[in-house]
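The chains referred to below are lettered A, B, ... by the order of the sequence lines, with proteins before strands, and numbering in each begins at 1.
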Protein chains: 2
Amino acid sequence: MPVAEPRAAKTRRRTRIQAEREELILEAALEVFSAHGFRGATIDQIAEQAGMSKPNLLYYFQNKEVMHRMLIDRLLETWLEPLRRLDAEGEPLTEIRSYIRRKLEMARDYPRESRLFANEILQGAPRIADEMEDLKKLVDEKARVISRWIERGKLARVDPYHMIFSIWATTQHYADFDAQVCKVLGPKRSGEGRFEDAARYLDQLFLGGLKP
Amino acid sequence: MPVAEPRAAKTRRRTRIQAEREELILEAALEVFSAHGFRGATIDQIAEQAGMSKPNLLYYFQNKEVMHRMLIDRLLETWLEPLRRLDAEGEPLTEIRSYIRRKLEMARDYPRESRLFANEILQGAPRIADEMEDLKKLVDEKARVISRWIERGKLARVDPYHMIFSIWATTQHYADFDAQVCKVLGPKRSGEGRFEDAARYLDQLFLGGLKP
DNA sequence: GAAAAAATTGACCGGTTGGTAAAGATTACA
DNA sequence: TGTAATCTTTACCAACCGGTCAATTTTTTC
C-alpha cells in the first residue's frame, strides 16, 4: 500500500511533528520564494533552508505550488488587516494616518511577505485570481467610506482608489525596493531609522495633500 | 574553424541583418524577462517570441545574461532621463510636477521596462551593482537641488530622498502593479483613462503635500 | 556567378529540477 | 513491549534548460 499523504487523510488529525514541520517548511519557503520568485525558487533550496531532504519536504507538501498558494493565502489575511481596520466612524485624517503607519510597520516587519506578493502581482497575478476578487471587494467598500468622508468635507476631493494605491505604493516600496532604498540612502542612513524618516515624510505628504 | 561570434569580431562592422536581428531579440527578451523575471525566463521562450531557433539566437547573444544586462543598461539610460532633467533653475513645484508627469508617462508607455527593473530590484539587484552606483550619484545630486529649494522656502521641509522615493513608488506602481490596479478598478475604469486619473490625483497629493 | 562570409538549423550534451518509489527508521499507542 | 502508523532517506526518473557542434543554407562581395 502506498504511503498516505498526511494532508490527504480525511479525519486523521495532525500530529505534533506535522504541525512543527509544516511551519518550518513554510518559513523556509517564504524565505526562498520572496528572494527568487516562484519560478526562480527550487524545492531543493527550500528543503535545504528547512534543514531536511527534498522527498521529506514533499511528504508534507504535495508540490511547489501548494506551498506557494498556502503562503499567499496566509499573507493576504494579515496583509489586508490594516485596511479592514479603517474605521468609517473615526476621524478621517487620523484614520488615514494610522493606516499609513500600520502599512509602513508591516513593510518593516514583514518585508518577505511584501516581496512575495509583489513578485506575484508583477508577473500578472496568475496564481491568485480568487484572492484578488476578495481584495477588490474590500477596496470597493473602503473607497465608499472615503467618498463619504469627502462628501462631508473632511477630506480633499481626491479619487479614493488612487489614494489607496498611493498608500500601498509608498509604504510597500520600503519592503519591495529595499535594495534600492538602502543603496541610495548609503550606509549611514540605511539603518532601521529609515522607517522613522519615511513615516515622518509620509505624514507630511499625505496630511498636507489630503486635508480639505 | 569555428563560426565566429559576430560581436566578438574586432573591427568587422555590423551587418544589416545583425542590427535587425539583435533588435528583434532584445524586444522579445524584454517581453519575456519582464513577464517572468531572469530566472523564470527561458532562452527557448525568447527565441520563440523572436521567431527564431535557440541556436540562432545564441549566435547573436553569447548567453542569457548578456541579453539581460544589455536590456538593463538601455533601460536605465532612458529611465533616469526625467530625473536628470529636473532643473535647479526652474520653479520648484513646477519642476516636481513635470517630473511626476514624465515618470507617469513612462509607466504608461514603457511598463515592461519598469517591470524588468522592478524584478531585478525585488531580488536584491544582484546583477546591477555598478548601475546602482550611478543611480546613487544622480539622486545625491538632485537631493541637494531639492534641499536648496527648501532652504529658499520654495518647498515644504521634507526629506528629499524620501520625496524622490515616493515619486518613484507612486508612478511606477501603475506599471509594476498593473494587474492589481486593473483588477481593483474593475473593467469600467481600467482603460487608458486610469493614467489621467492618476496624474490628477498625484498632482493634488504632491502639490498639496509639498508646497511650503 | 563563384567564392567567401554570414546566418540558420537539427541533433545533441551535461547539469538541474520537480517529483516518485520503495525500503528503512522512528514515534505513538494498545 | 509489540506493532501499526508516521516519518525519513536513498536511489532514481523524465522533462527541462542553458549552451555547443557541425553541417547546411542564405547573403554578400568581387
Item to check | Trace of the ring-ring contact (aromatic ring centres under 6.0 Å, His included) decision for H36(A) with F38(B) | outcome: CA-CA 10 Å; H36(A) 304 292; F38(B) 181 78; over 10 Å; no

Report the distance from atom [atom1] of [X] to atom [atom2] of [N], rounded to the nearest whole Å.
| X | N | atom1 | atom2 | answer |
| --- | --- | --- | --- | --- |
| F61(B) | dT20(D) | CZ | P | 15 Å |
| L58(A) | dC13(D) | CG | P | 18 Å |
| L57(A) | dT8(D) | CG | P | 11 Å |
| H36(A) | dT16(C) | NE2 | C1' | 15 Å |
| I46(A) | dG19(C) | CD1 | P | 10 Å |
| I25(A) | dG18(C) | CD1 | P | 15 Å |
| M52(A) | dT9(D) | CE | P | 9 Å |
| E48(B) | dT9(C) | CD | C1' | 16 Å |

Side-chain N or O of [X] less than 4.0 angstrom from OP1 or OP2 on [N]?
| X | N | result |
| --- | --- | --- |
| Y60(B) | dT8(C) | yes |
| S53(A) | dT8(D) | no |
| Y59(A) | dT8(D) | no |
| N56(A) | dT9(D) | yes |

Item to check | E81(A) atom CD: more than 12 heavy-atom contacts under 6.0 Å | outcome: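 For E81(A), atom CD is crowded (more than 12 foreign heavy atoms under 6.0 Å).
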
Checklist entry - Hey, what do you get for CD (E113(A)) to CE (M106(A)), rounding to the nearest 0.5 Å? => result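 E113(A) atom CD to M106(A) atom CE measures 7.5 Å (nearest 0.5 Å).
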
List the atom pairs, donor and acceptor, that lie under 3.5 Å between side-chain atoms in residues 66-74 of chain A and the rest of the protein, sequence neighbours left out.
unit_1	atom_1	unit_2	atom_2	d
R69(A)	NH1	E131(A)	OE2	3.1
R69(A)	NH2	R127(A)	O	3.0
R74(A)	NH1	E23(A)	OE2	2.9
R74(A)	NH2	E23(A)	OE1	3.0
R74(A)	NH2	E23(A)	OE2	3.4

Item to check | Any donor-acceptor pair under 3.5 Å from R39(A) side chain to G37(B) backbone | outcome: no

Checklist entry - Under 3.5 Å, side chain of K136(B) to main-chain N/O of V184(A), donor-acceptor pair present? => result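 Yes; judged by distance alone, with no hydrogens or angles, the pair exists.
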
Item to check | Nearest listed nucleotide, side chain of Q18(A), among dT10(D), dG10(C), dC7(D) | outcome: dC7(D)

Checklist entry - Is it true that the side chains of D197(B) and Y161(A) contain a donor and an acceptor less than 3.5 Å apart? => result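 On atom types as modelled, these side chains do not qualify, holding no pair under 3.5 Å.
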
Do any N or O atoms of the protein come closer than 3.5 Å to N or O atoms of nucleotides 15-17 of chain D, and which pairs are they?
unit_1	atom_1	unit_2	atom_2	d
dC17(D)	OP1	R39(A)	NH2	3.2

